[in-house]
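Following: one structure in structure tokens, then a few remarks.
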Amino acid sequence: MQQAKEHDLRQLVSESLRESNDSYTIQELFQRFPTATELMDVSEQQLVSIKGIGKGKARQITAMLKLAKLLALPDENQHVIRSPKDVFHLLESELRYEQKEHFICLFLNTKNRLIFNEVISIGSLNAAIVHPKEAFHAAIRRCSTSLICAHNHPSGDPEPSIEDVNLTKRLIAAGEIIGIEVLDHVIIGGNRFYSLKEQGHF
């Protein structure tokens, strides 16, 4: 299945650049970035270092990859969040190719229907730096009655760190003061997820 996806991606890039599948440019591109994950995270600077790819083609490739990621996202307005699995299905495609931790808040109304989801912070390779005021400022702006926190672990292991647990406790305490309930904190790693609520951390 994965090989088929990567073949389709190679075909798409070839057609977009009007290059044959076995041209030097395509072969070099997929030799340097052999998996969909690596290619999705490629920068214009990396692309222009390949012979045959100038700034124009590099912009074309990155725009196409961004569009591919966007089209893979579900329609957030149709979602009612009932479980951590719903959070996973909503965000997994968005976070699948990210190489840094992205801390996201899902803002919900009184019926747990998704109002909006927003990236609150982008951290380093293994740390998302978040302050509660950033999350709740966004929640108030969106007129949210509750929220669910989520972030990815690029390592593929969704087990929470001590920092993840402590951050969740700080967010819950802040939410109690403000009057916006933190329903869960879901960590996504690879094809798995970890719910701090389900696992009894609060």
Side-chain angles (χ1 to χ4, degrees), residues 1 5 36-37 40 66-123 126-202:
M1 184 70 174
K5 283 184 179 178
T37 301
M40 284 292 183
K66 284 177 184 176
L67 178 61
K69 288 170 76 172
L70 185 63
L71 292 175
L73 303 182
D75 182 355
E76 63 191 15
N77 295 323
Q78 301 302 313
H79 280 77
V80 176
I81 307 298
R82 298 186 178 90
S83 69
K85 188 177 284 187
D86 291 337
V87 177
F88 173 76
H89 288 316
L90 179 68
L91 298 178
E92 189 268 338
S93 61
E94 182 177 347
L95 297 173
R96 183 185 305 156
Y97 302 110
E98 299 298 348
Q99 299 302 305
K100 294 181 179 179
E101 286 198 5
H102 285 54
F103 191 92
I104 297 174
C105 283
L106 308 183
F107 303 116
L108 310 176
N109 65 15
T110 54
K111 296 183 179 180
N112 281 8
R113 186 172 293 279
L114 182 65
I115 300 170
F116 195 77
N117 71 332
E118 184 173 335
V119 176
I120 303 299
S121 171
I122 299 175
N126 60 358
I129 310 302
V130 182
H131 194 282
K133 71 180 180 182
E134 296 170 325
F136 288 103
H137 175 73
I140 293 167
R141 195 171 71 248
R142 299 289 179 184
C143 299
S144 174
T145 57
S146 62
L147 63 86
I148 295 172
C149 303
H151 78 276
N152 62 309
H153 279 178
S155 66
D157 181 1
E159 289 282 329
S161 64
I162 294 173
E163 290 79 9
D164 292 334
V165 175
N166 290 338
L167 170 62
T168 305
K169 290 177 179 177
R170 289 202 306 275
L171 289 166
I172 291 167
E176 287 173 351
I177 294 170
I178 295 169
I180 298 176
E181 185 180 4
V182 177
L183 300 178
D184 203 346
H185 184 174
V186 178
I187 302 172
I188 296 171
N191 294 316
R192 297 180 294 150
F193 67 90
Y194 187 106
S195 161
L196 274 78
K197 175 79 168 179
E198 282 190 344
Q199 298 302 321
H201 290 284
F202 65 94

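- Among His131, Glu134, His137, the one residue that satisfies the side chain to side chain contact (heavy atoms under 4.5 Å, CB included) test with Ile120 is Glu134.
- The distance between the ring centers of Phe103 and His185 falls below 6.0 angstrom.
- Summarising the geometry of Phe193 relative to Pro84, their closest heavy-atom pair is CE1-CB, 3.6 Å, with the distance given to 0.1 Å.
- Here the CD1-NE2 distance, from Ile187 to His153, works out to 4.5 Å after rounding to the nearest 0.5 Å.
- The list of ring pair (Phe, Tyr, Trp, His ring centres under 6.0 Å) pairs with a residue in residues 157-176, not counting sequence neighbours, is empty.
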* Val119 and Glu94: side chain to side chain contact (heavy atoms under 4.5 Å, CB included), yes or no, with the steps? -> CA-CA 11 Å; Val119 176; Glu94 182 177 347; 4.2 Å; yes

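- Glu101 places a side-chain heavy atom less than 4.5 Å from the side chain of Pro154.
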* Checking side chain to side chain contact (heavy atoms under 4.5 Å, CB included) for the pair Leu91/Leu106: CA distance, chi angles, key distance, verdict? -> CA-CA 10 Å; Leu91 298 178; Leu106 308 183; 4.2 Å; yes

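- The shortest distance between side-chain heavy atoms of Leu95 and Ile104 falls below 4.5 Å.
- Counting heavy atoms from C-beta outward, Leu108 and Arg113 have side chains that stay 4.5 Å or more apart.
- Cation-pi geometry between Arg142 and Phe107 is not met at under 6.0 angstrom from the ring centre and within 45 degrees of the axis.
- Residues Ser146 and Ile180 share a closest heavy-atom pair of CA-CG2, 3.8 Å.
- For the atom pair OG of Ser161 and CG of Leu167, the computed distance is 9.0 Å after rounding to the nearest 0.5 Å.
- Side chains of Asp164 and His201: no donor on one and acceptor on the other come within 3.5 Å.
- Asn152 places a side-chain N or O within donor-acceptor distance of the main-chain N or O of His102, the cut-off being under 3.5 Å.
- Here the straight-line distance linking atom SG of Cys105 with atom CG of Leu171 works out to 7.0 Å at 0.5 Å rounding.
- Side-chain contact between Tyr194 and Glu159 is present, with at least one heavy-atom pair separated by less than 4.5 Å.
- Distance SG/Cys143 to CD1/Ile140: 9.5 Å, rounded to 0.5 Å.
- No donor-acceptor pair closer than 3.5 Å links the side chain of Asn166 to the backbone N or O of Glu163.
- The distance from the CG atom of Asn117 to the CD1 atom of Ile148 is 11.0 Å, given to the nearest 0.5 Å.
- Side chains of Ile81 and Leu183 form no contact here, defined as non-hydrogen atoms less than 4.5 Å apart.
- A heavy-atom distance below 4.5 Å is found between the side chains of Val182 and Cys149.
- In this structure, CZ on Arg96 lies 8.0 Å from CG on Asn191, to the nearest 0.5 angstrom.
- Phe202 has its side chain within reach of Thr168: a pair of non-hydrogen atoms, C-beta onward, lies under 4.5 Å apart.
- Between Arg192 and Asp157, the shortest heavy-atom contact is NH2-CA, 3.7 Å.
- Counting only heavy atoms from C-beta outward, the side chains of Val80 and Leu114 never approach each other to under 4.5 Å.
- Heavy-atom minimum distance, Ile115 versus Ser144: CD1-CA, 4.0 Å.
- The backbone N or O of Asn109 sits less than 3.5 Å from a side-chain atom of Thr145, completing a donor-acceptor pair.
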